[in-house]
Amino acid sequence: MTKVLTNRFDLKGGACDIDVYLKTGGYQALARTFKDFTPDQVIEEVKKSALRGRGGAGFPTGMKWGFVPKESKRPKYVVCNADESEPGTGKDRDLMRYDPHLLIEGMIIAAYALGARDNYIYIRGEYWYIKEILEKAIAQAYERGYLGKNVLGSGFECNLYVHPGAGAYICGEETALLESLEGKRGHPRLKPPFPAVVGLYGGPTIVNNVETLAAVPWIIQNGGEAYKALGTEKSGGTKLFTVSGHVNRPGNYEVAMGYPLMSMVNNECGGIPGGRKLKAIIPGGSSVPIITAEEAEKVNLDYESMGTVGSMLGSGGVIVMDETVDIFETTMNVTHFYKHESCGWCTPCREGTRWLFKVFERMHRYEGRPGDVELLYDLADKILGKSFCPLGDAAAMPVQSAIQKFRDDFDRRIKSTLVQINTAAD
Ligand SMILES: Cc1cc2nc3c(=O)[nH]c(=O)nc-3n(C[C@H](O)[C@H](O)[C@H](O)COP(=O)(O)O)c2cc1C
Ligand code: SF4
């Protein structure tokens, strides 16, 4: 399989040093960009590639870049979203720690396409050791003329800064991220206007995920059509998935878009330990609806196929659960996360996630009441589509899908409660 993102992962120590990166074809796409492409042509090439944003929503990258107004009185910015806080996801971490220059090169090309002089990598605070790797790599790029006042003698000025977050999941949401980058509390902003038009410090801003930007050098070197051909018609290229849970070889795997989910579980990840049976998979990080073992057999790793089983590709965090797992427990755990991470800005999410967790807690203590499963579903309904930002939906969807698909695991809590009460009465 053609590797777009993980080519240098197998090198001893990765390609953190610029000389290793250069020896293995690094910065050639940037040189080619200045030689052969106008900024508009870069955007066209990315449009042709069918690259879709790898941060979770899967928005077409070239289209997003096309929204940036050509003339703007305010400076433009490219901001890389390296907040990577979605439970089950650790792909951006490996991209940055094994191949930091790939991201830097992708960002410089994006900055050239959009006319952005000052650009930022917003990295989650817990990745402090990766911040150091990035800063070393950026310093090397300045020394060799890939960053700075006159990049490769082109006359284009490009600067890059790394800014750490402080551990809030909501700061991965692009507008909360921009607030945080501006030094304010990380609450999401009302959209529209979208960041491409009014973003950082009010200037047009492209926010892209690490993996999205890291795919850009390959697209420039090999052409948008070639990238698209690696994947499916609507989901071009390859994607990096983080597989965790009940598999023999958990880890990050790059596969072509459209690769069967169960081939990933059985081939790349060596199947499920102990010969146990698969029960469920959360295919795109904890925010997306859960799928059953039967659905997992039918589905491929691309945006459209995931939609056919009512789920999403999300951030590419594949969480595999075998038959020993109680989906009630899993869902309660996920709900605890969203309760904790709700930023408190809007009522449905702030109050709803707490109510959800309260009901989960009493069911967990075997004090669930008849009607509690319906109550959980209804509470999730009051959050879904009624919250200020998609975190509310991310809290509601896993609950509703788990109840729809694994109702027995929830009912058992109520039945057990009744059995316990009856036994006590006897
Ligand atoms: C609550 C929440 C958390 C998010 N966390 C991340 C994150 O950690 N990393 C990321 O790239 N995108 C995250 N996103 C998506 C971003 O808002 C945005 O869509 C993305 O960075 C755009 O980049 P892309 O087009 O390359 O996917 C999050 C969204 C929400 C609603
Ligand atoms: S949905 Fe949740 S995270 Fe988003 S603004 Fe409302 S309270 Fe904050």
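In what follows, every heavy atom counts, from backbone to side chain, and hydrogens, waters and symmetry copies are set aside. Values in this document were obtained by computation on a predicted structure and should not be read as measured data.
Remark: L147 CG to I108 CD1 distance equals 4.0 Å, nearest 0.5 Å. For the atom pair R8 CZ and T24 OG1, the distance stands at 3.5 Å (nearest 0.5 Å).
Atom NZ of K73 sits in a sparse spot, with 12 or fewer heavy atoms from other residues, nucleotides or ligands closer than 6.0 Å. No more than 12 heavy atoms of other residues, nucleotides or ligands lie within 6.0 Å of CZ in R74, so this atom counts as exposed by the packing criterion. Within a 6.0 Å radius of NZ in K234, no more than 12 heavy atoms belonging to other residues, nucleotides or ligands are found.
Put simply, the side chain of I109 does not reach to within 4.5 Å of the side chain of F37, judged on heavy atoms. With a 4.5 Å cut-off on side-chain heavy atoms, E143 and I18 do not count as touching. Taking the side chain as every heavy atom from C-beta outward, V265 and L278 never approach each other to under 4.5 Å. Considering only heavy atoms from C-beta on, E268 stays 4.5 Å or farther from V243 through its side chain. E174 places none of its side-chain heavy atoms less than 4.5 Å from the side chain of R189. Residues K382 and W355 are not in side-chain contact: their nearest non-hydrogen atoms beyond the backbone lie 4.5 Å or more apart. Residues M306 and V299 have side chains in contact (heavy-atom distance under 4.5 Å, counting atoms from C-beta outward). A heavy-atom distance below 4.5 Å is found between the side chains of V247 and P250.
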Subject >> Verdict with reasoning, K239 to K91, per side chain to side chain contact (heavy atoms under 4.5 Å, CB included) >> reply: CA-CA 10 Å; K239 166 135 188 61; K91 65 187 177 68; 3.6 Å; yes
Original post:
For H187 and F388, what are the C-alpha separation, side-chain angles and deciding distance, and is it a side chain to side chain contact (heavy atoms under 4.5 Å, CB included)?
Top reply: CA-CA 10 Å; H187 284 310; F388 189 76; over 6 Å; no
**OP:** Show your working on side chain to side chain contact (heavy atoms under 4.5 Å, CB included) between I282 and M321 and close with a plain yes or no.
**Re:** CA-CA 8 Å; I282 300 174; M321 287 166 278; 3.6 Å; yes
**OP:** Go through the steps for C349 and L391 under the test side chain to side chain contact (heavy atoms under 4.5 Å, CB included), then give the verdict.
**Re:** CA-CA 8 Å; C349 169; L391 189 145; 3.7 Å; yes
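In this structure, Y27 and H101 have perpendicular ring planes: the angle between them is above 60°, well past the 30° mark. Between Y127 and Y129, the ring-plane angle classifies as perpendicular under the 30° and 60° cut-offs. Relative orientation of the F67 and F59 rings is tilted, given thresholds of 30° and 60° on the angle between their planes. Between F328 and F410, the angle of the ring planes goes over 60°, which puts this pair in the perpendicular group of the 30/60° scheme.
Judged by distance alone, with hydrogens and angles left aside, the side-chain atoms of S342 form no donor-acceptor pair with the main-chain N or O of K339 at under 3.5 Å. S401 places a side-chain N or O within donor-acceptor distance of the main-chain N or O of I290, the cut-off being under 3.5 Å. Within the 3.5 Å criterion, the main-chain N or O of N267 finds a donor-acceptor partner in the side chain of R249. Between the side chain of D409 and the backbone N or O of I327, at least one donor-acceptor pair lies under 3.5 Å. A donor-acceptor distance shorter than 3.5 angstrom exists from the side chain of E105 to the backbone of L30, with no hydrogens or angles considered. Checked by atom type and distance alone, the side chain of S286 never pairs as donor or acceptor with a backbone atom of V334 at under 3.5 Å. T89 places a side-chain N or O within 3.5 Å of a backbone atom of E86 that can act as its donor or acceptor partner. In this structure a side-chain-to-backbone donor-acceptor pair under 3.5 Å is present from S154 to V151. Under a 3.5 Å cut-off, the side chain of N222 and the backbone N or O of Y227 do not form any donor-acceptor pair. In this structure a side-chain-to-backbone donor-acceptor pair under 3.5 Å is present from E254 to L5.
Residues N159 and E157 bring a donor and an acceptor atom of their side chains to less than 3.5 Å of each other. With no hydrogens or angles considered, a side-chain donor-acceptor pair links T324 and D322 at under 3.5 Å. No hydrogens or angles considered: nothing links the side chains of Y21 and Q140 as a donor-acceptor pair under 3.5 Å. With 3.5 Å as the limit, one finds a donor-acceptor pair spanning the side chains of Y122 and S180. Side-chain contact annotation: T6 with Y98, donor-acceptor N/O pair under 3.5 Å absent.
Taking the six-membered ring for Trp, Y169 and F337 have ring centres closer than 6.0 Å. Ring to ring, F241 and Y253 are not that close: their centroids are 6.0 angstrom or more apart.
Salt-bridge formation is detected for the pair E45/K48: a Lys NZ or Arg NE/NH1/NH2 atom is positioned less than 4.0 Å from an Asp or Glu carboxylate oxygen. The residues K228 and E233 are annotated as salt-bridged, a charged nitrogen and a carboxylate oxygen being separated by less than 4.0 angstrom. Under the 4.0 Å criterion applied to side-chain N and carboxylate O atoms, R93 and E84 are not assigned as salt-bridge partners. A salt bridge links K191 to E173: at least one charged side-chain nitrogen sits closer than 4.0 Å to a carboxylate oxygen. A salt bridge is defined here as a Lys NZ or Arg NE, NH1 or NH2 lying under 4.0 Å from an Asp or Glu carboxylate O, and E44 with K47 meets this definition. A salt bridge is absent between R54 and D92; no separation between the charged side-chain nitrogens and carboxylate oxygens falls under 4.0 Å. A salt bridge does not link R276 with E323: every distance from a Lys NZ or Arg NE/NH1/NH2 to an Asp or Glu carboxylate oxygen is 4.0 Å or more. Salt-bridge formation is not detected for the pair K23/D19: no Lys NZ or Arg NE/NH1/NH2 atom is positioned less than 4.0 Å from an Asp or Glu carboxylate oxygen.
Among the candidates N119, L177, N208, I206, the single residue satisfying the side chain to side chain contact (heavy atoms under 4.5 Å, CB included) test with V79 is L177. Here the rule is side chain to side chain contact (heavy atoms under 4.5 Å, CB included) with L313, and of R52, M257, E304 only M257 fits it.
Closest heavy-atom contact between A110 and L213: CB-CD2, 3.9 Å. Taking every heavy atom of both residues into account, T2 and T238 meet most closely at O-CG2, 3.7 Å. The shortest non-hydrogen separation linking I121 to A82 is CG2-CB, 3.9 Å. Closest of all the heavy-atom pairs between L356 and A395 is CD1-O, 4.4 Å. The shortest heavy-atom contact between G167 and E126 is CA-OE2, 3.8 Å. Residues A296 and I281 come closest through the heavy atom pair CB-CD1, 4.0 Å.
Seen from the ring of Y146, R144 does not count as a face-on cation partner, given the 6.0 Å and 45° thresholds. Taking the ring centre of W128 as origin, the terminal cationic atom of K131 falls outside the region bounded by 6.0 Å and 45° from the ring axis.
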